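Report on the following structure.
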Amino acid sequence: MGFSTDCIHAGQEPEPETGAVTVPIFQTSTYVQPELGRHKGYEYARTKNPTRSAVEANLAALERGKHGFCFASGMSATDTVFRLLSSGDHVIAGENMYGGSYRLFSKVLTRYGLEFDYVDTANIDAVRKAIRPNTKLVFLETPTNPMMTLTDIAACAEVAHAAGALVVVDNTFCSPYLQRPLELGADIVVHSTTKFLNGHSDSVGGVVILNSDEIAEKIGFLQNAVGAILSPFDSWLVLRGTKTLAVRMKRHEENGMAMANYISNHPKVKKIYYPGLADHPQHALAKKQMNGFGSMISFELGSHENAKKFLDRVRLCSLAESLGGVETLISHPETMTHASVPIEDRKRLGITPGLVRISVGIEDIEDLIADVENAFEEI
Ligand SMILES: *Cc1c(COP(=O)(O)O)cnc(C)c1O
């Protein structure tokens, strides 16, 4: 089936008892067993819940993957993937990624004996050089948050697979509407469903999607053994969210492009990072690897003072962390999402005091541009 059809139908048969079109919220912790040693596939709700099973099947179908596992947050999804590894294993991760992933790796997982190297994964040679005999996993985010740098997933997978390492892609920024890493050779996709997938800024969750039956069995075991599962209600919210994923993303995409064009021509803007612009250094790769350019844009205003004036003045755009909601969210990566990245790394990556990131929502673009225009006048 096509992507839009899958958004609405995959994993969601009408409920057999009543014919309810929408998968009900199975708000239960356990299931009665008709006799000792026999059950209907459900024993205890940490292990399995029908609402969660539906959203897991739905999200797996959208990524064109075979297996999906939902978690209480994007971070718990990523954490569970790393529990496939053992002390002494080596990981290559992108040097610029979501601040919370960096915090998990550097402050938590290193204490359990995992070794991390952070490299510019846009440079395939840098990935190749970082490979060690104990390299088990390459973790990518593309485009990166907030610098919008791309990694060639297929090329990276080739290098990693030659060394026997798994490739994991955090696809949160794109959603499967814009990019499907499994089709490009990645082994595992993770998402924060909190962002575009749920899309309405009213639920926190995560998902792991993959094709390998063998690894899926391990992830399923870990999901149950570690236990950071997505609740029935949040599962239902994400299911409701993905029904409109295709139409939302189309509009995000149109608004993102229009906003990028407006911002890139504004005299107060020193630099803009958006892969849809022809002068983005990886525009060609974006066209090849993605089915559009999304609605995440970062731009440089030159100083903390300018960024503050701008952010204090916007009205319609909400000053908030997070992204991918129907409403436009605007943030200051240096002091908000990326505060846990060491200052010298922030400087090197370009996460400056004047950098502003905008997640363009699906409001009327004229209203959004008027709001931004008004804020630029403050500078
Ligand atoms: C938000 C985000 C996460 C973390 O997800 P939570 O649901 O907040 O735990 C991970 N990766 C990226 C790219 C994100 O934007």
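All residue numbers refer to positions in the sequence shown, counting from 1. No hydrogens, no waters, no symmetry mates; every other heavy atom, side chains included, goes into these values. When a ligand or atom number is given, it counts from 1 through the structure's own listing order. Given the structure is predicted, the values throughout are model-derived calculations rather than measurements.
Remark: Glu183 CD is packed, more than 12 non-hydrogen atoms of other residues, nucleotides or ligands lying under 6.0 Å away. More than 12 heavy atoms of other residues, nucleotides or ligands lie within 6.0 Å of CD in Glu344, so this atom counts as buried by the packing criterion.
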Could you list each N/O atom of ligand 1 together with any protein N/O atom closer than 3.5 Å, one pair per line with the distance?
unit_1, atom_1, unit_2, atom_2, d
ligand 1, 5 (O), Ser192, OG, 3.0
ligand 1, 7 (O), Gly74, N, 2.9
ligand 1, 7 (O), Ser192, OG, 2.8
ligand 1, 7 (O), Thr194, OG1, 2.7
ligand 1, 9 (O), Gly74, N, 3.0
ligand 1, 9 (O), Met75, N, 2.9
ligand 1, 11 (N), Asp170, OD2, 2.6
ligand 1, 15 (O), Lys195, NZ, 2.8

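Ring pair Tyr177/Phe196: centre-to-centre distance not below 6.0 Å.
The minimum heavy-atom distance between Val314 and Ala375, with the atom names listed, is CG1-CB, 3.7 Å. When every heavy atom of Met147 is checked against every heavy atom of Tyr273, the shortest pair comes out as CE-CZ, 3.5 Å.
Two different hydrophobic clusters hold Ile362 and Met249 under the rule that ILVMFWY side chains link at heavy-atom gaps under 4.5 Å.
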